[in-house]
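The structure under discussion appears below in the form of structure tokens.
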Amino acid sequence: MRVKLVGDGDVDVPQGASAMSALLAAMPDRAPEALAVRVNGEMADLSRSLEDGDEVEPVFWGEEGSQDIYRHTASHIMAQAVLELFPGAKLAIGPAVEDGFYYDFELPRAVSPEDLPSIEERMVGIVEADMPLQREVLSREAAVELFRELGQQYKVELLEEMEEEEVTLYRQGDFVDLCRGPHLPSTGRLRHFKLLSLAGAYWRGDEKRPMLQRIYGTAFDDEEELERYLRFREEAERRDHRRLGKELDLFSFHEEAGPGVVFYHPKGAVLREVIEGYLKEEHRKRGYLMVYTPHLFRGQLWHTSGHMDYYRENMYFFEKEGMEYVVKPMNCPGHLLIYKTRPRSYRDLPLKYFELGTVYRYERSGVLHGLMRVRGFTQDDAHIICTEEQLEEQVRDCLEFAFHSLRTFGFEEFDVYLSTRPEKSVGGDELWEKATRALKDALEDMGIPYEIDPGEGVFYGPKIDVKLKDAIGRSWQGPTVQADFNLPERFDLAYTGPDNRPHRPVMIHRVVLAGIERFYGVLLEHYAGEFPLWLSPVQAVIVPVADRHLDYARGVMERMSVEGLRVEVDDDRQTVNMKIRRAQVQKVPFTLVVGDREVEEETVSVRDRTGRDVRGVPVAEVVSRLAAIARERRADAAWE
RNA sequence: GCCGGUGUAGCUCAAUGGUAGAGCGUCCGCCUUGUAAGCGGUUGGUUGGAGGUUCGAUUCCUCUCACCGGCUCCA
């Protein structure tokens, strides 16, 4: 029979020949390097038998799709090792994932990090034994029978829920697993791997089902890549905002105060103030009206808004004088009350209320995470009340605003998602349809590529989510824009149209930086604490060489301060080296050393964070240059 | 919330079923300093909290709180 080798012409092979033999016939040199094939575009093992006319394409190491294959094999090898070390272990599932692979087990005892080396060692043994992975096709009933005999009830459960009548198994040595494949032809082909961490995970992700033990690992083609990945993990740890927050004295959490609520220290507060100042300025420029609303509302208002029904588990309640109160988890109802204080005309719309609104949301204790996931946080929240016709344009403005702001803070890459109606939600299908359409149109008009995230909208409306990529390529949740036809109805909002008749407005809920706390954390990790000048809590430290230069140093500080620069004089009785080191460790952008020569010449010696050192710069020049860099919010903080 | 881990001085981290230690920091001296740690001394802890076992617990057990890695959820 004849099969087609993609890019390599046709090749004749015997009836029922394997993919590998076809590759060997067509490209004897490279074939042994293949780890799988695509047969008619579908991933398959090298051992797959071909049919006349099949199109075959080899998959080599490093090529797209190869990673999933060997990582999946790695997870089987790990499972085999775990079964050997923990007799009686039950296997759940073990897929390849973005950064590696994992396998979920039910084990006779808890695994601990100390077990990982011995599991890894067993895995090395299995790789060295170079066991072939054999694919078997059998009926679902037979597979159920087999796994029942093996006591692998999770596999039995999976099989019982499957539709297919035929399933596939992979065997290596005496290890057998239910698996769709494909896999490496043998365990010896696995290259570089490492076990990384342990975790608990519910069977099928369902918290009502048993908690299993998950082991995470990763695998790569070559050692270099594995090491690069491990270095990436270290880099992420080095940038951890919780560590930097402590080292740079920015914020803290307190057991006495409860989890998930942030205390900003003076330096941390400066940065927050800079961020908020930027937001206020930009909102004013764009016609937003700043408002303040209280933190406690009567329960009734939250019934009107629907939060009591749809957001209850995230809300804090208490009671006084027989009245139910809620600590606000969102700002929208408050803004709507302001809207309703007088009759509104179509001439007033769009009406854009902006608030740095502090909200409290109950989060389960296990999900809290530094500044990234807290219970009390402040949003740069706005509600735009407008006519249906204005909606799309307003959405576009919001997106433009959001992208512009993120770029100012140094983020350049974004992924955009459109989230549609969730199961638990208010309002009729027609309203949802209209709202979703408006968001979609806005995205498409702006030519922004996006993906649909089905069922991930908020209970009152669909939303656009923007995720930002940080300096080391990680994605973070950023701005959201939500269209809402429901709350205007629930609050009975109205405006008078040109026809002098009442109409129902629509509204947009949107945030730009979103939760200030989270954004603060992302920013800290993005810059690894080395902020551009305009964001640095302390922009310059002046280091007098000896006590006799103190007055001069203070004079320089004064000249900088009046230009709005944040400057300190290090008047400690310490060596110049020590004072420079302290400024450097604190990641202060500029250190200005002043000694006899500088006093004499009315200059300073400028040292930037990269260690560059320029002597004899006139004070006037330093002041004006730094002030300009800060005012223009320039990204760099180097003295060119 | 659940699974696993961790919790010792302000910070980073040692140690032991028998009255807890280092480095850095703090403070006090000396040094008056030129681009990443000058020298000496001093201070510092109910070993997260409560209970239990024990002659004796920081160590072992139970409960609890917080944190870390995940599951799940979200700004």
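Protein chains get the first letters and strands the later ones, always in sequence-line order, with residue 1 at the start of each.
- Dense packing is recorded around CD of Glu400(A), with more than 12 heavy atoms of other residues, nucleotides or ligands lying under 6.0 Å away.
- At a threshold of 4.0 angstrom between heavy atoms, the contacts of Val576(A) are confined to the sugar-phosphate backbone, with no base atom among them.
- A donor-acceptor contact under 3.5 angstrom links the side-chain atoms of Arg518(A) to the base of C74(B).
- We find the OH-OH distance between Tyr103(A) and Tyr216(A) to be 15.0 Å, quoted to the nearest 0.5 Å.
- Residue contacts for Asp596(A): at a heavy-atom cut-off of 4.0 Å it reaches a base atom on one of the strands shown.
- You'll find that the side chain of Arg373(A) is closest to A75(B), out of G7(B), A75(B), U33(B).
- For the pair Gly258(A) and Gly515(A), nearest-nucleotide mapping onto RNA chain B gives the more 5' position to Gly258(A).
- Checked by distance alone, Tyr362(A) brings no side-chain donor or acceptor within 3.5 Å of a matching partner on the base of G1(B).
- A22(B) and C3(B): their P atoms are spaced 40 Å apart (whole Å).
- Comparing the P positions of G49(B) and G7(B) gives a spacing of 13 Å, expressed to the nearest Å.
- Residues Glu106(A) and Tyr154(A) have side chains that bring a donor and an acceptor to within less than 3.5 angstrom of each other.
- With G1(B), C74(B), G38(B) as the candidates, the nucleotide lying closest to the side chain of Arg361(A) is C74(B).
- A gap of 26 Å separates the P atoms of U19(B) and C11(B), to the nearest Å.
- Nucleotides A9(B) and U64(B) have their P atoms positioned 24 Å apart, rounded to a whole Å.
- With Phe459(A) as the aromatic partner, Lys424(A) does not meet the cation-pi criteria of under 6.0 angstrom to the ring centre and within 45 degrees of the ring axis.
- Residue Arg582(A) is out of contact with every strand shown, counting any heavy-atom pair closer than 4.0 Å.
- The C1' atoms of U58(B) and G17(B) are separated by 10 Å, rounded to the nearest whole Å.
- Comparing atom distances between the Lys246(A) side chain and each of U12(B), G70(B), A75(B) picks out U12(B) as nearest.
- Of the candidate nucleotides A36(B), A75(B), C2(B), A75(B) has the atom lying nearest to any side-chain atom of Lys463(A).
- Look at the C1' atom in both U42(B) and U47(B): the space between them is 23 Å, to the nearest Å.
- Residues Phe409(A) and Tyr278(A) place their aromatic rings such that the two centres sit under 6.0 Å apart.
- Between G38(B) and Gln574(A), a contact under 4.0 Å exists linking OP1 or OP2 to a side-chain N or O.
- Between Leu107(A) atom CG and G5(B) atom C1' the separation is 16 Å, expressed in whole Å.
- For Arg242(A), the listed nucleotide lying nearest its side chain is C68(B); candidates were C68(B), A36(B), G1(B).
- G21(B): Watson-Crick or G-U partner is C13(B), with both key distances under 3.5 Å.
- At distances below 3.5 Å, at least one donor-acceptor pair connects side-chain atoms of Arg71(A) with backbone N or O atoms of Ala219(A).
- There is no side-chain donor-acceptor pair under 3.5 Å between Asn331(A) and His383(A).
- Remark: the separation of the C1' atoms in A66(B) and C24(B) is 25 Å, to the nearest Å.
- For Met211(A) and G5(B), the CE to P distance is 13 Å, given to the nearest whole Å.
- Taking atom CG of residue Leu368(A) and atom P of nucleotide C73(B), one finds them 16 Å apart after rounding to whole Å.
- C60(B) and U54(B) have their C1' atoms separated by 10 Å, with the value rounded to a whole Å.
- Closest approach to the Arg214(A) side chain among G34(B), A75(B), C71(B) is made by C71(B) (side chain taken as heavy atoms from C-beta onward).
- Between Ser197(A) and G69(B) there is no side-chain polar atom (N or O) within less than 4.0 angstrom of OP1 or OP2.
- Side-chain contact between Leu198(A) and Pro113(A) is present, with heavy atoms from C-beta onward closer than 4.5 Å.
- Contact annotation: side chain of Glu363(A) to base of G1(B), donor-acceptor pair absent below 3.5 Å.
- OP1 or OP2 of G69(B) lies within a sub-4.0 Å distance of a side-chain N or O belonging to His369(A).
- Whole-Å rounding puts the His241(A) NE2 to C67(B) C1' distance at 13 Å.
- Set against G1(B), A36(B), C2(B), the side chain of Gln584(A) has A36(B) as its closest nucleotide.
- In this structure, Arg364(A) does not reach the C71(B) phosphate: none of its side-chain N or O atoms is under 4.0 Å from OP1 or OP2.
- An OP1 or OP2 oxygen of C74(B) is reached within less than 4.0 angstrom by no side-chain nitrogen or oxygen of Arg375(A).
- For His549(A) and Gly205(A), each mapped to the nucleotide of RNA chain B holding its nearest heavy atom, the one lying further toward the 5' end belongs to His549(A).
- Stacking between Tyr216(A) and G70(B) is absent: the aromatic ring centre is not both under 5.5 angstrom from the base six-membered ring centre and within 30 degrees in plane angle.
- Using Watson-Crick or G-U wobble geometry with both donor-acceptor distances under 3.5 Å, C60(B) finds its partner in G52(B).
- Between Phe86(A) and Phe105(A), the gap from one ring centroid to the other reaches at least 6.0 Å.
- Nucleotide C3(B) holds its P atom 19 Å from the CG atom of Asp115(A), rounded to whole Å.
- Gly611(A) comes within contact range of no nucleotide atom at all, as no heavy-atom separation falls under 4.0 Å.
- As the counterpart of G4(B), C68(B) is assigned, both hydrogen-bonding distances of the Watson-Crick or G-U wobble pattern falling under 3.5 Å.
- If you measure from atom CD of Glu106(A) to atom C1' of C71(B), you get 16 Å, rounded to the nearest angstrom.
- Taking atom CD of residue Glu600(A) and atom P of nucleotide G34(B), one finds them 18 Å apart after rounding to whole Å.
- Across all strands, Val543(A) comes closer than 4.0 Å to no nucleic acid atom at all (heavy-atom distances).
- Comment: Arg243(A) does not engage Asp240(A) in a salt bridge, judged by the lack of any side-chain N to carboxylate O separation of less than 4.0 angstrom.
- Backbone-only engagement by Asn577(A) is indicated by non-hydrogen atom pairs under 4.0 Å involving sugar-phosphate atoms exclusively.
- Residue Glu456(A) is in sugar-phosphate contact alone, with no base atom involved, counting any heavy-atom pair closer than 4.0 Å across all strands shown.
- Checking U33(B), A36(B), C2(B) against the side-chain heavy atoms of Thr575(A) singles out U33(B) as nearest.
- Protein atom CG of Asp572(A) is 10 Å distant from nucleotide atom P of C28(B), rounded to whole Å.
- Considering only the side chain of Ala546(A), U33(B) comes nearest among A75(B), U33(B), A66(B).
- Which of C2(B), A75(B), G38(B) sits closest to the side chain of Gln482(A) comes down to A75(B).
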